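A short write-up of the structure that comes next.
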Amino acid sequence: MSGDRICALEEIPGEGAKEVFAEVNGTRQSLIVMRRERTVFVYLNVCPHAGRPLNWAPDQFLFTPQGRLVCAAHGATFIVETGEAVGGPCLGSRLIDIPVAVRDGVVYAIEPDARDA
């Protein structure tokens, strides 16, 4: 996915999430795109517990009052910044991270080793 455009930064809600579809390893996948202040986090939109999407409807995600992402199907709770499950049926597992970079207001997928370049 190196260099693939994911979305414009302005399309991502301030403390919410956006669902985007993109090619991942040759397969069209649903991604969840979130930002916290100026940092963008992108994960496959798949709960590690049962392989279901985290959202309850297109672009509709649940968050705790503390800002943690909640799987709409089974209530698993994830830290946005790390993807780590801290509650629910998949405690201790992680969302699958998609490395990204923001250039000129656009979010792009990058190779994992290119994050530090």
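Counting from 1, the numbers follow the sequence of the chain as shown. Predicted model only: the values in this text are computed from it and were never measured.
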What pair of heavy atoms forms the shortest contact from [X] to [Y], and how long is it?
{"X": "Cys7", "Y": "Val20", "answer": "CB-CG2, 4.3 Å"}
{"X": "Gly75", "Y": "Val70", "answer": "CA-CG1, 3.9 Å"}
{"X": "Arg36", "Y": "Gly14", "answer": "NH1-O, 4.1 Å"}
{"X": "Ala76", "Y": "Cys90", "answer": "CB-SG, 3.5 Å"}
{"X": "Trp56", "Y": "Phe61", "answer": "NE1-N, 4.2 Å"}

Task: More than 12 heavy atoms of other groups within 6.0 Å of Ile96 CD1 - done: no
Taking atom [atom1] of [X] and atom [atom2] of [Y], what is their separation to the nearest 0.5 Å?
{"X": "Ser93", "Y": "Phe78", "atom1": "OG", "atom2": "CZ", "result": "5.5 Å"}
{"X": "Tyr43", "Y": "Leu54", "atom1": "OH", "atom2": "CG", "result": "11.0 Å"}
{"X": "Ile98", "Y": "Gln29", "atom1": "CD1", "atom2": "CD", "result": "8.0 Å"}
{"X": "Phe41", "Y": "Met34", "atom1": "CZ", "atom2": "CE", "result": "8.0 Å"}
{"X": "Leu69", "Y": "Leu95", "atom1": "CG", "atom2": "CG", "result": "6.5 Å"}
{"X": "Arg94", "Y": "Thr82", "atom1": "CZ", "atom2": "OG1", "result": "5.0 Å"}

Open item on the list: I need the single residue from Ile32, Val100, Asp97, Ile12 that forms a side-chain contact (heavy atoms from CB on, under 4.5 Å) with Val42. Which is it?
Closed with: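 So, applying the side-chain contact (heavy atoms from CB on, under 4.5 Å) to Val42 and each of Ile32, Val100, Asp97, Ile12, only Val100 qualifies.
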TODO: I would like to know whether Leu9 and Arg103 meet side-chain contact (heavy atoms from CB on, under 4.5 Å); could you show each step before the answer?
DONE: CA-CA 9 Å; Leu9 189 59; Arg103 291 187 297 270; over 6 Å; no
Task: Side chain proximity check, Pro13 to Lys18, heavy atoms < 4.5 angstrom - done: yes
TODO: Would you check if there is a donor-acceptor pair between the side chains of Glu19 and Asn55 at a distance under 3.5 Å?
DONE: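 Side chains of Asn55 and Glu19: pair found under 3.5 Å.
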Task: Within 45° cone of Phe63 ring axis and under 6.0 Å: Arg68 NZ or CZ - done: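 The answer is no; the distance or angle limit is not met.
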Task: hydrophobic_cluster_shared for Val33 and Val102, side chain cutoff 4.5 Å - done: yes
